[in-house]
Asker: 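Here it is: the structure, laid out below.
Since the model is a prediction, treat every value here as computed from it, not as a measurement.
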Amino acid sequence: MFLFELFGLFSLSALVMWAFLMAFFFNIFVYSLGVKRNTTLLISSIIMMVSYSATDYFYTWISYYNTTYFDWAMHDAITIVSLIIAYGIVRLSSASLLYLITGLSINMFLMLSMHLDVYVYGNQEPWILWDIYLYSVNVIDLTMVVALIVDRDFLGLHKLKSKVLNYFKSKDSHVVT
């Protein structure tokens, strides 16, 4: 829980929300210059900014009910579906789309794991899963922000995806035995 002690609960979530807002403003600027007009980059940054603004700790702090990890996981699932729908409408992808979907999927898995640990099993003592959750979610969030700004395959996810897909493709797929 070192990050909470260092930054505080609200300032850490505000940093991530601010970063997505800045990525959105940057992509509006790039779009207005005409550099990246035919991708889902601007739409993806809008979706991510709205999603992270809606699930910010400040907004959940003033809500009528306690927000659980399950609620955040469902927000991530809705965000993934929104990104896929945006890609389906525009039909032109950006390099950051795979990073966003992968990052949100990992975050969703970690949030469901935390929900299972805390609310289903009733665990109240911190252990390694809590630290993995805390550091991973924040690193993945900042990686998604970088992916929205840079819009490059800086971690090699697209190369990895291509290698995995090529591995599972059969060379003799048209041969019937």
Asker: Would a distance-only check, ignoring hydrogens and angles, find a side-chain to backbone donor-acceptor pair under 3.5 Å from Asn27 to Ala23?
Answerer: yes
Asker: Would Ile128 end up clustered with Ile140 when hydrophobic side chains under 4.5 Å apart are linked, directly or stepwise?
Answerer: yes
Asker: Indicate whether any N or O donor in one side chain lies under 3.5 Å from an N or O acceptor in the other, for Asn107 and Trp72.
Answerer: no
Asker: Which heavy atom of Thr40 sits nearest to which heavy atom of Ser93, and what is that distance?
Answerer: OG1-CA, 4.0 Å
Asker: Quick check: closest heavy atoms across Gln124 and Val118, and the distance to 0.1 Å?
Answerer: NE2-O, 4.1 Å
Asker: Can you name the nearest heavy-atom pair linking Ala95 to Asp151, along with the distance?
Answerer: N-OD1, 3.1 Å
Asker: Applying side chain to side chain contact (heavy atoms under 4.5 Å, CB included), can you list everything that pairs with Leu98, at least two apart in sequence or on another chain?
Answerer: Thr102, Leu157, His158, Lys161
Asker: Would you compute the distance between atom CD1 of Ile47 and atom CG of Leu42 and round it to the nearest 0.5 angstrom?
Answerer: 10.0 Å
Asker: Between Tyr133 and Asp117, is there a side-chain donor-acceptor contact under 3.5 Å, judged purely by atom types and distance?
Answerer: no
Asker: What heavy-atom pair brings Trp130 and Asn123 nearest, and what distance separates the two atoms?
Answerer: CZ2-O, 3.7 Å
Asker: Can you tell me how far the CG atom of Asp76 sits from the CG atom of Leu110, to the nearest 0.5 Å?
Answerer: 10.0 Å
Asker: Mind checking whether Val50 and Phe20 have side chains closer than 4.5 Å, heavy atoms only?
Answerer: no
Asker: Quick one: pull up CE in Met108 and CD1 in Ile78 and give me the separation to the nearest 0.5 Å.
Answerer: 11.0 Å
Asker: Hey, could you give me the CD1/CG distance between Ile28 and Leu33, rounded to the nearest 0.5 Å?
Answerer: 12.0 Å
Asker: Would you sort out whether Phe154 and Thr143 count as a side-chain contact (heavy atoms from CB on, under 4.5 Å), showing the intermediate values?
Answerer: CA-CA 10 Å; Phe154 60 94; Thr143 303; 3.8 Å; yes
Asker: To the nearest 0.5 Å, what is the distance between CG (Leu160) and CG (Asp153)?
Answerer: 9.5 Å
Asker: Of the non-hydrogen atoms in Tyr99 and Ala147, which two are nearest, and what is the gap between them?
Answerer: CB-CB, 3.7 Å
Asker: Any chance CZ of Phe109 has more than 12 other-residue heavy atoms, nucleotides or ligands included, within less than 6.0 Å?
Answerer: no
Asker: Is there a path of hydrophobic side-chain contacts, each under 4.5 Å between heavy atoms, that joins Leu41 and Phe29?
Answerer: yes
Asker: Looking at Ile101, Leu100, Val16, which one forms a side-chain contact (heavy atoms from CB on, under 4.5 Å) with Met144?
Answerer: Leu100
Asker: Ignoring hydrogens and geometry, is there a side-chain-to-backbone donor-acceptor pair from Tyr119 to Tyr69 under 3.5 Å?
Answerer: no
Asker: Answer yes if Val137 and Leu129 sit in the same cluster of Ile, Leu, Val, Met, Phe, Trp and Tyr residues linked by side chain heavy atoms under 4.5 Å apart, and no otherwise.
Answerer: yes
Asker: Kindly work out whether a path of hydrophobic side-chain contacts (I/L/V/M/F/W/Y, heavy atoms less than 4.5 Å apart) joins Ile84 to Met74.
Answerer: yes
Asker: Using a 4.5 Å cut-off on heavy atoms from C-beta on, say whether the side chain of Ser53 contacts that of Leu21.
Answerer: no
Asker: Are side-chain heavy atoms of Met48 and Leu83 found at a separation under 4.5 Å?
Answerer: yes
Asker: Between Phe26 and Val35, is there a shared hydrophobic cluster once you connect ILVMFWY residues whose side-chain heavy atoms come closer than 4.5 Å?
Answerer: yes
Asker: Which heavy-atom pair separates Ala73 from Met111 by the least distance, and what is that distance?
Answerer: N-SD, 3.7 Å
